[in-house]
Structure formats: C-alpha cells, structure tokens
Amino acid sequence: MKIAQFVVKMRHPVLRRVSSLNIVGAFDIFALEREYQLQIIEAKNKHVSKGKWYQDVHYYMVINVQKDTLDYSHDISFLVEVLDRNRCIDFHLYGSAGAAGKAIFAVEDDYMISGLLVSGNHCVSVVTSENSDNCRSVFRSVKGLCSQENQLFRKTSMREMILKHEYVHGLFALCQQWIIGHLTEHFLPEDLFEEIVEQIAGQMDEEENESPALDELRSIHRIARNAVEDFEISILLYRTAFYNLVVDNEIDFFNYKVHLTQKQIIRCLEYFIELCRNHQKLKIKMVSGRLIPNMDYETRYCILLNDTISHIRLDGDYNNMYIISRNDMRDAFVKTFYEFWENRSDSLITDREIIIANVEQVINGIKGNS
C-alpha cells in the first residue's frame, strides 16, 4: 500500500467523535518522503476545528529519532511543526527505536491500521481492524513505548515554569541561543513593562489561582533585562516578528496576549534599536527570508536554548509551551541553530545598521499611518 492510501485510511469516521478519544501512533516518520510527513500528522486533525481546545482528545505519537541520520535543519524544524499543528489537543511526542520501520495508528477500542515500511512511500503487511480487542491490544502495545525517558518534549505552562524557577534558571544559564518568531516580554523597556503589568492586573486578578504575582513578574523582568543587555546571547530574530507586531497590535507577555497602542509599539521597537546600538555582547541576526527553502511552515514560534532549561513557545492560546526534555534533543536543536546561524547567509541580515534600518522602517510606517 502506498503511504498516501495509508493516510486516507487513517481518516476513520471515529475521529469525528472529538468529545473523547484516546489515540496512539508509531511512525518511522523520517524514513518517509518529505511530502508524506505532514500528511501523516495532518490526517488526524482533519476533523477538528482550528482555534478550539479539545482537552479530551489524547494523542501519543512515537517516532524513530536517530541522531546520526537527522537532517538537522529540516527534521528539527519539522518536530516543532508537529507540536504546533497539534496544539488544539492533548498531544505528547516520544522518540523510540521501537517505531523503526513502522506505521501504526490506533484509536483505543475503535479502530487500528498498521503496516511495515519498505520505502519512503510504500508499506506492506497492512492490517486494519475495528474489533475492540484488536484495537485495544495495538493501542496498549504502542502506549508501552511512551515512557518518561522516551519523552522528547514535556508540556508546561508559564505559571509552572515560574513557580519551579525554570524561567529564571534558563536566563542565568550559559550558551544562550534564541530563535524569536514573535516578540516576547524579553524585549521591553522598564517603563513599558510597568504599563503592561498595570494593564493586565485586572485580568490576572480574575485568574489568581493560575497566575504568578505581579511583583514576581517585575523581579523576573529585571533579571531578563539584565540578561538581554549584558549576557552573551545569540539571537535569530525573524523580521516578520516586527511586521506581525504592527498588524496584530499584540505581544506575548509571559504567555498573555497583550494588545499595545501604536505609541507603545514604537517604544518597544525603539528599545530594540537601543539594544542593537548599545549592547555589543548581544549577537543578533535578522531572518529576512526562509531558513529552509521550499518549506512552507509559518515560523511564529520562539525557541530559547541554553545548557539548563530549553523551551519552545508556540504562538497560540492552547497547549503552547514545551520544555525540551532530552539532552540529545536539546543538542540537536543547538546544531540546528548553528546550521541556520552559519550557513544561511542568503536569508540572514548580519549588519547591525541594516537591522536597525529595517526596524526604523517599521517605525516610520506606523508614524506615517497615524
């Protein structure tokens, strides 16, 4: 059976029952041809609406990740895309050699399809079943691969990272490499930070049990600002992050979407220019195009790497923060970062004055429209 046909059979009518589903998948995903990789992860999402949160749809995906065969620039970016495309459900991603040569998809008690990969676009020995005993057996077999040591990314929240001091530990860590796809609280001057804190105080009071204290945020911001201004941090920052800030009028503020006025946006951008001009330890390259040719992923996520606590911040309302939980995976992300940093000259602006000129152009555009 061709993989395209396998994907069609994964789209079983039982998936329309989005009120409650337990799903597992085991795929040798990087053995597949590129065109089928996204089809595999999209097959399950065909029946869910974007922007909603399906907390009772649980999906455990196991993939074969072999460090020595990874295409770092493509495959690591693909893994982040897998997380991003599954934000609307309770999704968990694991890495295990037990997924080598396999294509298995099972809905507990309802449906299963399994096959053995013989090439990047073909599988054999394909079996499908709607027998509850068969489905349950396959489900449990794959679920057995989902151990803590196999977990590639651990779901977290901003509140959890702050309470466990993981956010601050990450700021104090060595070897900082950041990919910034949307602007965050890291790039705010003190006075604008304080305005935003006051702006969201009412909202955070309503969610008191879920939110860190405002004074704690102030303390964290002082540490973050010192880190950005004084530490050696290498940042790949997408030029589109500035354009999106102007279009959306919002910033990711400790995982809150906060709307800014045009004057506040200008102050934010002016502070970024100040960082470029006055803080030479901060190494910044601006991404002006696609880091990976022929890859249509919308890069609005942030990846903050270091040697202590590395995490991913997706651009969405649900299920949007992950800690990179395995050292080999963290090392793979760092290699990907430097693959982009050193070998993507056609897509990067490295001259600080040109970076500043790009930001000034955005500021002038705001002033011209006001």
Side-chain angles (χ1 to χ4, degrees), residues 45 48 50-61 79-94 146 148 150-173 176 178-188 193 196-197 199-224 227 241 248 250-259 299-306 308-326 329-330 333:
N45 286 335
V48 301
K50 300 297 181 184
K52 292 186 177 180
W53 168 232
Y54 299 90
Q55 61 183 352
D56 293 320
V57 177
H58 310 284
Y59 186 25
Y60 304 86
M61 177 184 278
L79 291 182
V80 179
E81 185 70 10
V82 173
L83 298 176
D84 190 57
R85 296 199 180 208
N86 287 279
R87 281 188 289 108
C88 57
I89 63 172
D90 177 35
F91 180 73
H92 305 263
L93 187 61
Y94 299 83
C146 302
Q148 185 173 350
N150 287 338
Q151 191 173 44
L152 299 180
F153 308 98
R154 172 170 60 84
K155 286 200 298 184
T156 187
S157 65
M158 182 57 69
R159 178 176 182 271
E160 182 178 358
M161 287 193 69
I162 290 174
L163 290 177
K164 292 183 176 180
H165 308 293
E166 292 169 325
Y167 187 104
V168 171
H169 287 165
L171 292 172
F172 281 124
Q176 299 269 3
W178 297 359
I179 298 176
I180 303 296
H182 63 268
L183 289 182
T184 62
E185 72 280 350
H186 299 90
F187 306 99
L188 294 173
F193 178 89
I196 295 174
V197 165
Q199 184 177 330
I200 67 170
Q203 179 184 354
M204 296 187 77
D205 287 342
E206 293 175 4
E207 305 172 7
E208 184 177 356
N209 292 332
E210 299 296 326
S211 306
L214 296 180
D215 285 343
E216 188 170 12
L217 293 185
R218 292 184 175 99
S219 175
I220 290 172
H221 179 255
R222 285 191 290 272
I223 296 170
D248 300 335
E250 67 179 22
I251 193 168
D252 180 350
F253 185 80
F254 292 103
N255 218 25
Y256 281 85
K257 298 297 184 183
V258 177
H259 285 270
T299 308
R300 296 187 69 165
Y301 50 76
C302 298
I303 303 175
L304 291 89
L305 303 170
N306 55 68
T308 303
I309 302 290
S310 298
H311 74 277
I312 300 168
R313 292 171 69 166
L314 305 174
D315 186 39
D317 294 328
Y318 306 107
N319 216 22
N320 59 359
M321 294 191 67
Y322 287 87
I323 288 175
I324 302 173
S325 56
R326 284 193 351 192
M329 190 55 49
R330 181 260 175 197
F333 270 82

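Heavy atoms only: backbone and side chains are in, while hydrogens, waters and symmetry mates are out.
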So which atom in Glu166 and which in Arg154 form the shortest heavy-atom distance, rounded to 0.1 Å? OE2-NH2, 3.0 Å
When every non-hydrogen atom of Leu93 is compared with those of Leu79, the smallest separation belongs to CD2-CD2, 4.1 Å
Looking at Asp90 and Gln55, what are the two nearest heavy atoms and their distance? CB-O, 4.2 Å
Please name the pair of heavy atoms, one in Leu171 and one in Gln176, separated by the smallest distance, quoted to 0.1 Å. O-NE2, 3.2 Å
Mind running side-chain contact (heavy atoms from CB on, under 4.5 Å) on Phe254 and Arg159 for me, showing each step along the way? CA-CA 9 Å; Phe254 292 103; Arg159 178 176 182 271; over 6 Å; no
Evaluate the ring planes of Phe193 and Phe253, with Trp represented by its six-membered ring, and classify them as parallel (under 30°), tilted (30 to 60°) or perpendicular (over 60°). tilted
Just verifying a value: how many Å separate Met321 CE and Leu83 CG, rounded to the nearest 0.5 Å? 12.5 Å
Any sub-3.5 Å donor-acceptor pair from Asp248's side-chain atoms to Glu250's backbone N or O? no
Do Leu217 and Ile162 come close enough that some side-chain heavy atom pair is under 4.5 Å? yes
Before you tell me yes or no, could you show the steps for Asp315 and Asn320 under side-chain hydrogen bond (donor to acceptor under 3.5 Å, both in side chains), namely the whole-Å CA-CA distance, both residues' side-chain angles and the distance that decides it to 0.1 Å? CA-CA 7 Å; Asp315 186 39; Asn320 59 359; over 6 Å; no
Would you check if the side chain of Asp84 reaches a backbone N or O of Val80 as a donor-acceptor pair within less than 3.5 Å? no
Minimum side-chain heavy-atom gap His92-Tyr59 below 4.5 Å: no
What distance separates Phe187 CZ from Asp252 CG, expressed to the nearest 0.5 Å? 11.0 Å
So OG of Ser310 and CZ of Arg326: to nearest 0.5 Å the spacing works out to 14.5 Å
Using side-chain heavy atoms (C-beta onward) and a distance below 4.5 Å, is Tyr322 in contact with Leu152? no
So how far is it from Asn319 CG to Thr156 OG1, rounded to the nearest 0.5 Å? 11.0 Å
If you measure from CG on Asn255 to CG on Leu314, what distance do you get to the nearest 0.5 Å? 9.5 Å
Test your reading of the model: is there a side-chain donor-acceptor pair from Gln199 to the backbone of His259, 3.5 Å cut-off? yes
Student check: side-chain heavy atoms of Tyr301 and Ile303 closer than 4.5 Å: yes
With a 6.0 Å cut-off on the ring centroids, do Tyr54 and Tyr318 count as close? no
Rounded distance (nearest 0.5 Å) linking atom NE2 of His221 with atom CD1 of Ile196: 8.5 Å
Residues Arg313, Glu185: salt bridge by 4.0 Å N-O rule: yes
Does the pair Lys155/Glu160 count as a salt bridge with the N-to-O cut at 4.0 Å? no
For the residue pair Cys88 and Lys52, what are the closest heavy atoms and their distance? CB-O, 3.1 Å
Of all the heavy-atom pairs spanning Phe153 and Ile312, show the shortest one and how long it is. CE2-CD1, 3.8 Å
Are Leu304 and Cys302 packed together at the side-chain level, in the sense that at least one heavy-atom pair is separated by less than 4.5 angstrom? yes
What is the ring orientation for His311 with Tyr167, classed by angle as parallel under 30°, tilted 30 to 60°, or perpendicular over 60°? tilted
Any donor-acceptor N/O pair, Ser325 side chain to Gln151 backbone, under 3.5 Å: yes
Exam field: side chain His182 to backbone Arg300, donor-acceptor pair closer than 3.5 Å: yes
